[in-house]
Protein chains: 2
Amino acid sequence: MYEPNTLLDKATELFWQKGYQATSMRDIQQALDLRPGSLYSRFQGKSELFEKVIVHYAEQILARLEQTAQSEDGFEATGDMFRQELIKPAELRYQRQCLLLNALAQSSKLEDRAAQALEHAMAKMLQGFIGLAAALQEKSLISGEVAPAQVGQWLQIQFVGLRNAAYFANDDEQVMYFIDKLIIDLQSEWPAS
Amino acid sequence: MYEPNTLLDKATELFWQKGYQATSMRDIQQALDLRPGSLYSRFQGKSELFEKVIVHYAEQILARLEQTAQSEDGFEATGDMFRQELIKPAELRYQRQCLLLNALAQSSKLEDRAAQALEHAMAKMLQGFIGLAAALQEKSLISGEVAPAQVGQWLQIQFVGLRNAAYFANDDEQVMYFIDKLIIDLQSEWPAS
DNA sequence: CCCTTACTTGAACATTTGTTCAAATAGTTT
DNA sequence: AAACTATTTGAACAAATGTTCAAGTAAGGG
């Protein structure tokens, strides 16, 4: 009998790599050397398992965002966070993508409960970015005239866009260049809303 | 017998709405009131159909990018292009996402031929953005010291990020705000590569 | 009117998938 | 060791999906 976390970690890895639909219960069973019943004795079904995976994944992202917000050197920490999240060795290439966004692309096949968890996780992630934006303003690093919600959403836009770029990037320097640009633009002018 | 374009347009719509895997051949047959054989007499299978859809879709995006690049007023045209692509009424919400990116999230289930078409389409799209960047530099609207490839890729990053934001946005003004920010940042400082 | 060609039909097949369940096994308590 | 509970096993089911194909229908030329 596996530790619950081992099981969830492996499931997360598979869903992350291949997406929700493309990952079959048999894939998970095989990866963990489990028989169907053993899996279904711990989770009601694929939907619930995926829901748990989403929550687990979102918690990790959120923790990293909060940790970044609490850091001393705001820009440095923000840049580091982006770099840590986006620069991965080739064998972990799949982690440059976002499990939540991948899931979103297949949300039409998600059952209600998983779809709801996904929406909730996305909202949580946005809250994390808004918290980071507020922290940067607190330190007077960026203009206080813009609503933190705006800056936070902008950060998330950059995050999403960069994930796709990182997925296709050949070398790390390309990605780091755009992270530098991001830090500059954080400090550049913000339109009047 | 349907016009080939009617058929491809409807298939595009379905794939765009629901993604590759979630769209079954039966869905397409039903939407066009066709029987299996009729569909298979025009396309070898789902893979080839999707390949045609991808090429068709990429051509449209590329055409819009090239048209934008040729426009007189560079920034205005660029902003308009983003607005046209991202601001859609609720019933066309699915068009705020990118068919290519959706497909990418499920690429593990794509057959070689479709995966190759997808990769090719993505590269084409990037070329379109780079062309737009070069055109903006030609008009001396942005710094000529940065390689067009960098600016082009940056534009694509913004495009991808904004698509996701637009998909979740409640009102159009939110999206337009970030497009304004984008135009500002185009003109702000670029890091030394 | 017939013959040939092209297209359509609708049933069927093979495979994959999520899921269930009675029987067997392992683990724990008395 | 026996009795009881919890977990695992492996076969099986039902539904969905991509695809095929022989038979039927329509179209057009001679």
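Just so it is clear: chains get the letters A, B, ... in the order the sequence lines come, proteins before strands, and each one is counted from 1. In what follows, every heavy atom counts, from backbone to side chain, and hydrogens, waters and symmetry copies are set aside.
- Mapped onto DNA chain C by nearest heavy atom, A:Q44 and B:S38 fall at different nucleotides, with B:S38 at the one closer to the 5' end.
- Projected onto DNA chain C by closest heavy-atom contact, B:S41 and A:Y40 fall at different nucleotides, the more 5' of which corresponds to B:S41.
- Whole-Å rounding puts the A:R42 CZ to D:dA6 P distance at 15 Å.
- Going from atom CZ of A:F50 over to atom P of C:dT17 covers 16 Å, rounded to whole Å.
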Worksheet item: Hey, mind stepping through A:W154 and A:V146 against side-chain contact (heavy atoms from CB on, under 4.5 Å) and telling me if it holds?
Response: CA-CA 11 Å; A:W154 182 84; A:V146 194; over 6 Å; no
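- Contacts between residues 101-116 of chain B and DNA chain D, defined by a heavy-atom separation under 4.0 Å, are absent.
- For the pair B:K88 and B:Y94, the cation-pi test (distance below 6.0 Å, angle within 45°) is failed.
- The interatomic distance linking A:F43 (CZ) with D:dT7 (P) rounds to 14 Å, in whole Å.
- In this structure, A:D27 places its CG atom 14 Å from P of C:dT19, rounding to the nearest Å.
- Nucleic acid contact class of A:S47 (heavy atoms, under 4.0 Å, all strands): none.
- Spacing between atom CD of A:Q21 and atom C1' of C:dG18 amounts to 13 Å, rounded to whole angstrom units.
- By the 30° and 60° cut-offs, the orientation of the rings of A:F159 relative to A:F82 is perpendicular.
- By the side chain to side chain contact (heavy atoms under 4.5 Å, CB included) test, B:L126 is found to be paired with B:I130, B:Q153, B:Q156, residues two or more places apart in sequence or in another chain being considered.
- Neither OP1 nor OP2 of D:dT20 sits under 4.0 Å from any side-chain N or O of B:R35.
- Within the structure, every side-chain polar atom (N or O) of B:R26 is placed at least 4.0 Å from both OP1 and OP2 of D:dA15.
- When the C1' atom of D:dG18 is taken as reference, atom CD of B:E48 falls 14 Å away, rounded to whole Å.
- Counting all heavy atoms, side chain and backbone alike, B:A22 lies closest to A:K109 at CB-CG, 3.5 Å.
- The nearest whole Å value for the distance from the CE atom in A:M25 to the P atom in D:dG10 is 18 Å.
- In the set D:dT20, C:dT8, C:dG18, the nucleotide with an atom closest to the side chain of A:K46 is C:dG18.
- Between the CD atom of A:Q29 and the P atom of C:dT17 there is a distance of 11 Å, given to the nearest Å.
- Among residues at least two apart or in separate chains, side chain to side chain donor-acceptor pair (under 3.5 Å) pairs with a member in residues 158-186 of chain A are A:Q158-B:Q158, A:K181-A:D185, A:K181-B:S188, A:D185-B:S188.
- Heavy atoms of A:G37 sit under 4.0 angstrom from at least one base atom.
- Within the model, atoms CD of B:E119 and CE of B:M122 stand 9.0 Å from one another, a figure rounded to the nearest 0.5 Å.
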